[in-house]
Amino acid sequence: MNYKKILTVLFGVFVCFSSFYAQAETKKLYGIEGAKLNKATSKAKVYTYKVNGVAYTTKSHEKSKNYMKEGIASYYHTKFNGRKTANGEIYNPAKFTAAHKTLPINSYALVTNLRNNRKVIVRINDRGPFSNKRLIDLSKAAAAELGMVKAGLAKVRIEALHVDKAGRVSGAGVKTLAKTAKNTSKLVLTDTQPTKVATTPAQQVQANVKNTKVMTAEKNAQENGPYSVRMKNVKSRTEAEELVDKLAMRNVKTEILNNGKNYEVLFHAINSQADVNQLKQKMHQIDKKQSIQIYTYNY
């Protein structure tokens, strides 16, 4: 092997190691595997492009920051290995990247598999998939992290993440990220808006009405929910995922946790006691031996 080939091999090893280290750092900081949140999201101008006669208009920096949508995800075929992506990078199936039709290049997305609640952070570096039935194309590594390689497709939730020049992270996915992050100092959890002070009697009346509505909503929430249901002693992840599928409820978030040799399934943000009772009834029909322990929390 000549000197030039040795340098090429060493450079390849260095790139692979750097990529692995960056991805491991993301897991360490946020508890979620994925791309390192280190590239500032460019404030590119909105533009329209056509593919197969269909026009697509990219989203502005501000509009895309609040992007959250559910739909079908796919992942890159092996024929794309080594090809150029929309931002000029070479597609690498081992990196956590993705293609989206309209989100800004070099913005990020937190992707959740709605079947098993597994998550991954990806960087948008390509355009596609150009199909009305699919929202996002994931790299092989990202698809593997979501547990969807065998199926090929998965229903997911996509939440945008933006990084500014100071490294602060904002966007629709920040609240989700904060739940697992070990350090939230870089997360912009709220958009601060100047407080408007009522200066006229009419404005004061309007403010009082608004405050009354807020207090009423808070009181209703305290009386009626939300509730959380925890199911313990689930024997395997497969059984836990099957429970999530069978017990799925609209607008109810699910989470699977490893607890030693067993697993736990959590159902969050259940709005009423009636919904809790319905969930328990369905659970007892499935688990007739009642080997799974069920706990209910009001929070």
Exam field: side chain [X] to backbone [Y], donor-acceptor pair closer than 3.5 Å:
X      : Y      : result
Asn113 : Asn117 : no
Thr58  : Tyr47  : yes
Arg83  : Tyr91  : no
Thr184 : Leu187 : no

Checklist entry - Heavy atoms, side chains only, cut-off 4.5 Å: are Thr254 and Leu266 in contact? => result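 No, too far: nothing below the 4.5 Å cut-off.
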Next on the checklist: So Val229 and Met231, do their side chains get closer than 4.5 Å, heavy atoms only?
Outcome noted: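 Yes, close enough: below the 4.5 Å cut-off.
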Next on the checklist: Can you pull out every ring pair (Phe, Tyr, Trp, His ring centres under 6.0 Å) where at least one residue sits in residues 109-142? Sequence neighbours excluded, please.
Outcome noted: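 Listed once each, the pairs are Tyr56-Phe130.
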Item to check | Residues forming a side chain to side chain donor-acceptor pair (under 3.5 Å) with Ser185, sequence neighbours excluded | outcome: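 Partners of Ser185 by the side chain to side chain donor-acceptor pair (under 3.5 Å) criterion, ordered by chain and then number, come out as Asn183.
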Next on the checklist: Whether Arg123 and Glu89 form a salt bridge (side-chain N of Lys/Arg under 4.0 Å from carboxylate O of Asp/Glu) is what I want to check.
Outcome noted: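 Looking at Glu89 and Arg123, the cut-off is met.
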Checklist entry - Thinking salt bridges, do Glu241 and Arg115 make one under a 4.0 Å N-O criterion? => result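 Yes, Glu241 and Arg115 are salt-bridged.
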Linking I/L/V/M/F/W/Y whenever their side-chain heavy atoms sit closer than 4.5 Å, directly or via other members, would [X] and [Y] fall into one cluster?
X      : Y      : value
Ile105 : Tyr76  : no
Phe267 : Ile256 : yes
Ile136 : Val54  : no
Ile286 : Val244 : yes

Checklist entry - Quick one: are the ring centres of Tyr67 and His162 less than 6.0 Å apart? => result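 No: the rings miss the under 6.0 Å criterion.
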Checklist entry - Is there any salt bridge (charged side-chain N to carboxylate O under 4.0 Å, His left out) pair reaching into residues 152-161, and which pairs are they, with sequence neighbours excluded? => result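 Qualifying pairs, neighbours excluded: Glu70-Arg157.
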